[in-house]
Asker: 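Here it is, the structure, as structure tokens.
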Amino acid sequence: MRLKLTTWNVNSVRIRGQLLRRIAAEINPDVLCLQETKVEDGLFPMALFHELGFNHAYIHGQRAYHGVAVLSKLPLEAPRAHKWCNVDDCRHAVVELPGGIEVHNLYVPAGGDVPDPEVNRKFKHKLDMLEALTGFYGAREGDGKKMILVGDLNIAPLETDVWSHKQLLDVVSHTPVETDGLKRLQAAYGFVDAMRAIVPPEERLYTWWSYRNRDWAASNRGRRLDHVWLSPALAPALRGMEVKREARGWEQPSDHVPVTIELEV
DNA sequence: ATGGTTGACTCTCAA
């Protein structure tokens, strides 16, 4: 069967109802992974997702900040959450789809403004979580599992993942310590970058454009902060990938756009 | 070098 999975940093699930309807209508994913839901579980707008046909859900949220959720038209099994770095943030949810496909939905800390872990605890937290994830997935290398890892990793690893490699080398999200760290995490398990398997690394590809811009489309100062990785066992199933760039121009948008993959499983 | 905008929520923080 064809499996369509969309990941989106929604930046508040409660004010994005109309756009979620539009995504359900235009993309029609089987599984929707959200980040930055910004709401505790008791206030999550579950009725909307039921109306849209997502009758299975694992929500892992907190008040005002962070929060991840997996909405699905297929049954979900073995839901679990991970805490990292002894912080209580809701940043990592895992579920299993029929056929034993693990879905890992991640929201890595943005990291603040100053790219120095000595003076910026948010940047230190970002690097620490990257290292923790590298240990976690590295310990599983070679386990042969079918796995999809998605989310807002808040790092643009390639030169073509940012509007200006040179100008962003000292900007949090594209500093060498972050891009090296992300590549180490990817290599620790042998994840395949599904987006770059479809769009060659020579081509520019963005998923985020700052709100702090008069005209996001004209200036096009984007970054690829959102990612879809596949385990070696699942990589051969990849059939397609789409970045819904136009969603950045919809009314009351998130600053991130949805990324969708299609698999033959 | 700075400021620009958005969202949740409190009189500000995080992104």
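Below, each value reflects all heavy atoms present in this structure, side chains not excepted, and no hydrogens, waters or symmetry copies.
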Asker: With rounding to whole Å, what would you report as the distance between B:dT6 and B:dT2 at their P atoms?
Answerer: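 So the two P atoms sit 23 Å from each other.
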Asker: Select one nucleotide: of B:dG7, B:dA15, B:dA14, the one nearest the side-chain heavy atoms of A:Arg91.
Answerer: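 The listed nucleotide nearest to A:Arg91's side chain is B:dA15.
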Asker: Which nucleotide in the set B:dA8, B:dT6, B:dA15 lies at the smallest distance from any side-chain heavy atom of A:Glu36?
Answerer: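 The listed nucleotide nearest to A:Glu36's side chain is B:dA15.
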Asker: Between B:dA15, B:dG7, B:dC9, which nucleotide gets closest to the side-chain atoms of A:Arg16?
Answerer: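 Shortest atom-to-atom distance from the side chain points to B:dG7.
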Asker: If the C1' atom of B:dC9 is compared with that of B:dA14, how far apart are they to the nearest Å?
Answerer: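 Nearest-Å result for B:dC9 against B:dA14 at atom C1': 12 Å.
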Asker: Both A:Arg121 and A:Val13 contact DNA chain B. Taking the nearest nucleotide for each, which residue is further toward the 5' end?
Answerer: A:Val13
Asker: Quick check for you: among B:dG7, B:dA15, B:dA8, whose closest atom lies nearest to any side-chain atom of A:Arg14?
Answerer: B:dA8
Asker: So which nucleotide from B:dA15, B:dA14, B:dT10 ends up closest to the side chain of A:Tyr65?
Answerer: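 Nearest nucleotide to the side chain: B:dA14.
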Asker: Hey, what's the ring geometry for A:Phe49 with A:Phe54, parallel, tilted or perpendicular (30° and 60° as the breaks)?
Answerer: perpendicular
Asker: Report which part of the nucleic acid A:His66 touches: base, sugar-phosphate, or nothing (heavy-atom distance under 4.0 Å, all strands).
Answerer: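 The residue A:His66 makes sugar-phosphate contact but no base contact.
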Asker: Let's go through A:Trp229 and A:Tyr189 carefully: what are the C-alpha distance in whole Å and the side-chain angles of both, what is the deciding distance for ring-ring contact (aromatic ring centres under 6.0 Å, His included) to 0.1 Å, and is it a yes or a no?
Answerer: CA-CA 11 Å; A:Trp229 291 351; A:Tyr189 184 79; over 10 Å; no
Asker: Taking only the C1' atom of each, what is the distance from B:dA15 to B:dG3 in whole angstrom?
Answerer: 15 Å
Asker: With a 4.0 Å limit, can you tell me whether A:Arg63 has a side-chain N or O closer than that to the phosphate oxygens OP1/OP2 of B:dA14?
Answerer: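 A:Arg63 to B:dA14 OP1/OP2: no side-chain N or O under 4.0 Å.
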Asker: Pick the nucleotide of DNA chain B nearest each of A:Tyr107 and A:Asn213; which residue has the one closer to the 5' end?
Answerer: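 Taking each residue's closest nucleotide, the earlier one in sequence belongs to A:Asn213.
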Asker: To the side chain of A:Tyr211, which of B:dT5, B:dA8, B:dA15 is closest?
Answerer: B:dT5
Asker: Parallel under 30°, tilted from 30 to 60°, perpendicular over 60°: which one fits the rings of A:His104 and A:His92?
Answerer: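 A:His104 and A:His92: tilted rings.
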Asker: Side chains of A:Glu131 and A:Thr134: is there a donor and an acceptor less than 3.5 Å apart?
Answerer: no
